Protein chains: 4
Amino acid sequence: MGIKERKEREKGARREEIINAAERIFFEKGFAPATMDEIAESAELSKGTLYLYYKSKEDLYIAVLLRGSEIMYEMFKKAIATDENPIRHLFNLGEAYFAYFQEQRNYFRMYYFLENPRIHSQVSSEMMEQCELLDTRIWDLVVGIIRRAVEGGLLRDDVDPLEAGVMLWSNSNGLMRLIDRDEWAWTGKHGLNLEAMLRKANKLLVQAMMTEKAKASFDDLVTPARP
Amino acid sequence: MGIKERKEREKGARREEIINAAERIFFEKGFAPATMDEIAESAELSKGTLYLYYKSKEDLYIAVLLRGSEIMYEMFKKAIATDENPIRHLFNLGEAYFAYFQEQRNYFRMYYFLENPRIHSQVSSEMMEQCELLDTRIWDLVVGIIRRAVEGGLLRDDVDPLEAGVMLWSNSNGLMRLIDRDEWAWTGKHGLNLEAMLRKANKLLVQAMMTEKAKASFDDLVTPARP
Amino acid sequence: MGIKERKEREKGARREEIINAAERIFFEKGFAPATMDEIAESAELSKGTLYLYYKSKEDLYIAVLLRGSEIMYEMFKKAIATDENPIRHLFNLGEAYFAYFQEQRNYFRMYYFLENPRIHSQVSSEMMEQCELLDTRIWDLVVGIIRRAVEGGLLRDDVDPLEAGVMLWSNSNGLMRLIDRDEWAWTGKHGLNLEAMLRKANKLLVQAMMTEKAKASFDDLVTPARP
Amino acid sequence: MGIKERKEREKGARREEIINAAERIFFEKGFAPATMDEIAESAELSKGTLYLYYKSKEDLYIAVLLRGSEIMYEMFKKAIATDENPIRHLFNLGEAYFAYFQEQRNYFRMYYFLENPRIHSQVSSEMMEQCELLDTRIWDLVVGIIRRAVEGGLLRDDVDPLEAGVMLWSNSNGLMRLIDRDEWAWTGKHGLNLEAMLRKANKLLVQAMMTEKAKASFDDLVTPARP
DNA sequence: TATGAATGAGCTTTCATTCAT
DNA sequence: GATGAATGAAAGCTCATTCAT
């Protein structure tokens, strides 16, 4: 009975190896320029074997992407695994997202390059489902935090948790893309500190949604629980 | 000497025709799926002639993009060609950008697809220069408005005009991309009004940068000068 | 000693199952588009097992074909298992072949697709032998009938039984292929009744080979024995 | 003005060269095993150029086939370009078809291999039209001869010209395929003269359709006009 | 200047067959 | 005997770019 299990394990391991290889190539070249030949070679497998484990190049891309989302999810969970107040958690999430952006820049880029609709339309439904599942889990987490902040009287009660989340998220993305693509231009030529701006903009948005009471004790709220 | 001028004029006209054709194709298909054959056919020119006027497919793409920036620049200029106060002008610029996003969606998309690093790296230096020139003109305009708002005591004097501009711009972009790509998901499934959110977020950011005095007369500042 | 027999029986049964599956797939898709994977799946066996029982895809194709020939042979035997006269038997065979064509169209088509020389050259010698064996049995049967007709003074004695058989058979095939492939064209566009033509042509050929005596009593000869 | 013509001529010549090369490869290997690479190499052209002149492998196959049909058409026209009687013309056509079969065996085979429906469905409409045009011309010729024979009182007036033509043609095809595939078996092993049988069967069919008057003077009718 | 024929590298996917377990 | 993972060759088609005319 151990045989079946071992086979399962090996199969899983093989899938891992393939993703590892695909990751190396996609990170380096992006989607279109990457070739299945390169990935196969990098995985030290035949091209045919790749297709034994993943239905298409697009699926493989998504599989790598999912790994990135998984990482992000874990980072987010850890960011709120404290007994701090929701506002603090919200800032923690912002920091976690920024850390993800900085530490896992390759995944971040893959996610954005995903915009190419051609990839989107070729992905198998299984992969799609996994994507959506993970997406949902991440959003649930974020929205949950904001809701708690509203319920706790820290954010104004006319704040829609999802709306607030989307607003902060898209604001972050706008600046992150800037940092990713043009940091040299803005920082070097114009002396901007884009990272600080990102934090500032988010802080402004959050403050604008806070109740008067919360604003009054803002420093307390956003100071790490244990210095 | 008239001959030389005529030749110049004709050359310019031919370049226009080519961009017109390229635009039609790129708008319809995006970068990669568009082919030089299609563009040549649409321009009623031979493929070889295309290369006589533009060095590469990438250059052609950028040429179309530049036209979009030109349009944006004109819209921006018009948006501040009133004798309103700078805060009002700032909101006008925001609206102009949103109008550009809505009315010139094709250019907006082309601009973002530009992120693909492959395109970036193949563009000729002449094109690059033109891009930067136009970029500068647009940013000068935006930054100028914000500077005047600071100088006029409407925005706090610790506000860096460029920083503020970039912040508002990237915040807008983040939400615009969302609208462009996933509006159906966020609006349909979750009932969000992304357009309203965009305006709200920008307003919050601007308010957060306003002086107390300006905030007090906010409604006056942002009400159109003459109804 | 029972063990060996059981094993034999099981082996035979397994071969049957495989042919059943191969048949389903080949009938549906033809030779080239059918894949060993599909056949294996349809047989609920592993691909490797297929190769344990049949040397190649081609062999499997021939194995299915043989089953078709077997059916044809049985139909032919039944067609002459009456105590009618040889001319009647000859027409019975013609009808049997047509019935085979109509009822077992899939086998008929497989047989003709066999013309592809690629298949031919990959078949194992064992399969080839079986093919020839069955072929011989069928031809013996046909030739036997014609010989009896000659010996019985119904067909002219300058008629070579094998030659006559081949003539009738190839004439039938020519029209059957037409029916199978292009019936809609000839029937629909030109109003031909290809089935009637097939019968007519064969009848003409047989009549042309009959003795004067037999021709005189043609109607008696070809009227079913018992109405 | 000569330039345009020369270009036209060269383009035509290039198409010819490509067909020549395709012919060599298709004759040797058949459709599926032939590769565009081989054809390109044989044509001393790049693969891309092939696709400049022909839309697909299938189209190229049909183009070669059309050449075969053209040859057949010319042979048929020549076969009846005498002032002989229609019955004689009919036999001439039979001989011409057999000559085509013998001398242009490769084209004959290509035509039959065409049965593969996969080829059929991929052919461009222009090619299809050309095929049908040529087909029609050939059939018009055959049917015209038979009609004249009926009108001249040589064939019975219940003979449908098209039906008679199809009957003779499919009968011929049945035997030709046999000759092409299995001559060695039937001739070598069983001593049949398939070629003679083909002539005999057709003769029997024609005779069976002749009027009594014509049958009486059969020898006169089918003896070449000028020995 | 304008043409358009020619190039040829490049890419994903399929599948019969093998072989270690 | 049975498995099924792994192979790797094969193949059609596209397209940006060049260059002789």
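Below, chain A is the first sequence line, B the second, and so on; all start at residue 1. Nothing here was measured: the structure is a model prediction, and the numbers come from that model.
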Length of the line joining Ile25(B):CD1 and dA16(F):C1', which is rounded to integer Å: 16 Å
Asp37(C) CG to dT7(F) C1', in whole Å, measures 13 Å
For the side chain of Ser46(D), starting at C-beta, report the closest nucleotide among dT18(F), dT3(E), dA6(E). dA6(E)
In terms of side-chain heavy atoms of Leu52(D), which of dA16(F), dT7(F), dA5(E) is nearest? dA5(E)
Using whole Å, report how far CD of Glu10(D) lies from C1' of dG4(E). 12 Å
Do Glu44(A) and Thr49(A) come close enough that some side-chain heavy atom pair is under 4.5 Å? no
Residue Glu126(D) excluded, over 12 heavy atoms near CD under 6.0 Å: yes
Suppose we define a pair by two distances each less than 3.5 Å, Watson-Crick or G-U wobble; what does dT21(F) pair with here? dA2(E)
Proximal nucleotide (of dT12(E), dT17(F), dG12(F)) relative to the Lys57(D) side chain: dG12(F)
Is there a side-chain contact between Ile19(B) and Tyr54(B) (heavy atoms, below 4.5 Å)? yes
Using OP1 and OP2 only, check whether a side-chain N or O of Arg14(A) sits under 4.0 Å from dA6(F). yes
Closest to the 5' end of DNA chain E, once Pro33(C) and Phe31(A) are matched to their nearest nucleotides, is Phe31(A)
Nucleotide dA9(F), atom C1' - distance to NZ of Lys47(A) in whole Å: 9 Å
At under 4.0 Å between heavy atoms, what does Ala34(D) touch on the DNA or RNA strands: base, sugar-phosphate, or nothing? sugar-phosphate
Between Lys7(C) and Tyr51(B), the residue closer to the 5' end of DNA chain F by nearest nucleotide is Lys7(C)
Tell me the interatomic distance from Glu44(D), atom CD, to dA6(E), atom P, rounded to whole angstroms. 14 Å
Watson-Crick or G-U wobble partner of dC15(E), both distances under 3.5 Å: dG8(F)
Atom CD of Glu41(A) and atom P of dC11(E) are separated, to the nearest Å, by 13 Å
Walking DNA chain E from its 5' end, the first of Thr49(A) and Thr35(A) to be reached, judged by nearest nucleotide, is Thr35(A)
Hey, do the aromatic rings of Tyr107(C) and Tyr111(C) have their centres closer than 6.0 Å? no
Looking at side-chain heavy atoms only, is the closest gap between Lys29(A) and Glu38(A) below 4.5 Å? yes
Quick one: on DNA chain F, does Gly48(C) or Lys11(C) contact a more 5' nucleotide (nearest heavy atom)? Lys11(C)
Spacing between Leu45(D) atom CG and dG4(E) atom P, to the nearest angstrom: 19 Å
Rounded to whole Å, how long is the line connecting atom CD of Glu17(C) with atom C1' of dG1(F)? 14 Å
Answer with base, sugar-phosphate or nothing: what part of the nucleic acid does Tyr53(B) contact at a heavy-atom distance below 4.0 Å? sugar-phosphate
